[in-house]
Amino acid sequence: MDTGLTGYHHQHLRIHPIIDQILERWTGEQKETVHLLINKYGLPNDASWTKIIWYNNSPWKRTIVHLDTVLHNFPTPHLDYLEQTIDYKVPVPFFDELAQFDGSLYPDRTAGEATAKCDQEAANFMALNLMNDIVTGKRNVADARRFATEIEKGLRLKGQSSPYFERFLFPKQSHTADPDVRYF
């Protein structure tokens, strides 16, 4: 359902009756994450019983918090439910390597997007920064997995941050869609 929430900004932050009604059914980390994101980005643009969505909440093209979770064991067991997308043209030869690096990293050739899905925004920044490192030849898959494990262990166990968790370490891309070649 469209909540008609577009145009609200964090300085006018108040929980909308529709969001309140949806979140009454939510529990745990997903509900907490929605509140954190509302405080950071303002009210969402769209919501349903199973997901809450922000569009163009810079630096993200799209942020979705899903009620449903998926268990993800890399680099440590957690639940994936926070999906965040940017415009990024992933060269087709790297799709297999990126799947080997992180199964919760989704390049979309046609839309020209890359999406990371984890349980924290910091981890999504990290996954996309390491995706860029792989695509640009700075790291191979094994090195990216080793580095991700090392810095995420520091973040989750010791509260240590890294630039990889805080922002994109590569320039923003645009005009990334690839509609492919017409055959008829």
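Residue numbers start at 1 and run along the sequence shown. Keep in mind that the numbers below use all heavy atoms, side chains included, and drop hydrogens, waters and symmetry copies.
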Inset, instruction - Would you mind reporting whether D180 and R109 have side-chain heavy atoms less than 4.5 Å apart? - result: yes

Inset, instruction - Decide side chain to side chain contact (heavy atoms under 4.5 Å, CB included) for T76 and K153; before the verdict, give the C-alpha distance in whole Å, the side-chain angles of both, and the deciding distance to 0.1 Å. - result: CA-CA 8 Å; T76 190; K153 189 175 188 180; over 6 Å; no

Inset, instruction - Decide yes or no on side chain to side chain contact (heavy atoms under 4.5 Å, CB included) for L67 and W49, but give the supporting numbers first. - result: CA-CA 8 Å; L67 176 60; W49 294 114; over 6 Å; no

Legend entry - Heavy-atom pair of closest approach, residues Q30 and H66: CG-O, 3.4 Å

Legend entry - Test side chain to side chain contact (heavy atoms under 4.5 Å, CB included) applied to L98 and V90, step by step: CA-CA 9 Å; L98 294 178; V90 174; 3.5 Å; yes

Inset, instruction - Using a strict 4.0 Å threshold on nitrogen-to-oxygen distance, state whether K117 and D80 make a salt bridge. - result: no

Inset, instruction - Would you check if L155 and Q120 make a side-chain contact, meaning some heavy-atom pair closer than 4.5 Å? - result: yes

Legend entry - Residue pair L43 / I38, side-chain heavy-atom distance below 4.5 Å: yes

Inset, instruction - Mind checking the NE2-CD spacing from H16 to Q21? Nearest 0.5 Å is all I need. - result: 11.0 Å

Inset, instruction - Compare every heavy atom of P163 with every heavy atom of N129, then report the nearest pair and how far apart it is. - result: ND2-O, 4.2 Å

Legend entry - Distance (rounded to the nearest 0.5 Å) between D68 CG and L79 CG: 11.0 Å

Legend entry - Heavy-atom check, side chain of M131 versus side chain of D133, under 4.5 Å: no

Inset, instruction - Could you state whether I53 and L23 fall into the same hydrophobic cluster, counting links through intermediate Ile, Leu, Val, Met, Phe, Trp or Tyr residues with side-chain heavy atoms under 4.5 angstrom apart? - result: no

Inset, instruction - Treating Ile, Leu, Val, Met, Phe, Trp and Tyr as nodes and any side-chain heavy-atom pair under 4.5 angstrom as an edge, say whether F101 and V70 lie in one connected cluster. - result: no

Legend entry - Pairwise distance CG(N56) to CH2(W54) - rounded to 0.5 angstrom: 14.0 Å

Legend entry - Same apolar cluster (I L V M F W Y, side chains within < 4.5 Å links), I19/Y55: no

Inset, instruction - Check step by step if side chain to side chain contact (heavy atoms under 4.5 Å, CB included) holds for I134 and N140. - result: CA-CA 6 Å; I134 292 168; N140 63 30; over 6 Å; no

Legend entry - From T33 atom OG1 to L36 atom CG, the distance as rounded to the nearest 0.5 Å: 6.0 Å

Inset, instruction - List the steps and the verdict of side-chain hydrogen bond (donor to acceptor under 3.5 Å, both in side chains) for T85 and E113. - result: CA-CA 7 Å; T85 302; E113 298 176 341; 5.0 Å; no

Inset, instruction - Please report the closest heavy-atom contact between Y164 and I151, naming both atoms and the distance. - result: CB-CD1, 3.8 Å

Legend entry - V34 backbone acceptor or donor facing W26 side chain under 3.5 Å: no

Legend entry - Short side-chain donor-acceptor distance under 3.5 Å, E166 and S161: yes

Inset, instruction - Give, for atom OG1 of T63 and atom CG of N124, the distance between the pair rounded to the nearest 0.5 Å. - result: 8.5 Å

Legend entry - Check: F168 and N132 side chains under 4.5 Å, non-hydrogen atoms: no

Inset, instruction - Might you point out which heavy atoms bring A111 and T176 nearest each other, and give the distance in Å? - result: O-OG1, 4.2 Å

Legend entry - SB check D87 R62 (cutoff 4.0 Å): no

Legend entry - E83 and K51 ion-paired at < 4.0 Å: no

Legend entry - Heavy-atom pair with the smallest gap, counting every atom of K89 and Q173: N-OE1, 2.7 Å

Inset, instruction - Would you check if the side chain of H72 reaches a backbone N or O of P77 as a donor-acceptor pair within less than 3.5 Å? - result: no

Inset, instruction - Please check if atom CD in E32 has more than 12 non-hydrogen atoms from other residues, nucleotides or ligands closer than 6.0 Å. - result: no

Legend entry - L128 CG to L105 CG distance, which is reported to the nearest 0.5 Å: 6.0 Å

Inset, instruction - Report yes if the side chains of M126 and E152 come closer than 4.5 Å at any heavy-atom pair, otherwise no. - result: yes

Legend entry - I64 vs I52 side-chain heavy atoms within contact, under 4.5 Å: no

Inset, instruction - Give a yes or no on whether Y106 and I86 share a hydrophobic cluster (residues Ile, Leu, Val, Met, Phe, Trp, Tyr; joining criterion: side-chain heavy atoms under 4.5 Å apart). - result: no

Inset, instruction - Taking the side chain as every heavy atom from C-beta outward, state whether E121 and L82 have any pair of such atoms under 4.5 Å apart. - result: yes

Legend entry - Within the 6.0 Å centroid threshold, strictly below: W60 and F125: yes

Legend entry - Shortest non-hydrogen contact from S58 toward Y41: O-CE2, 3.5 Å

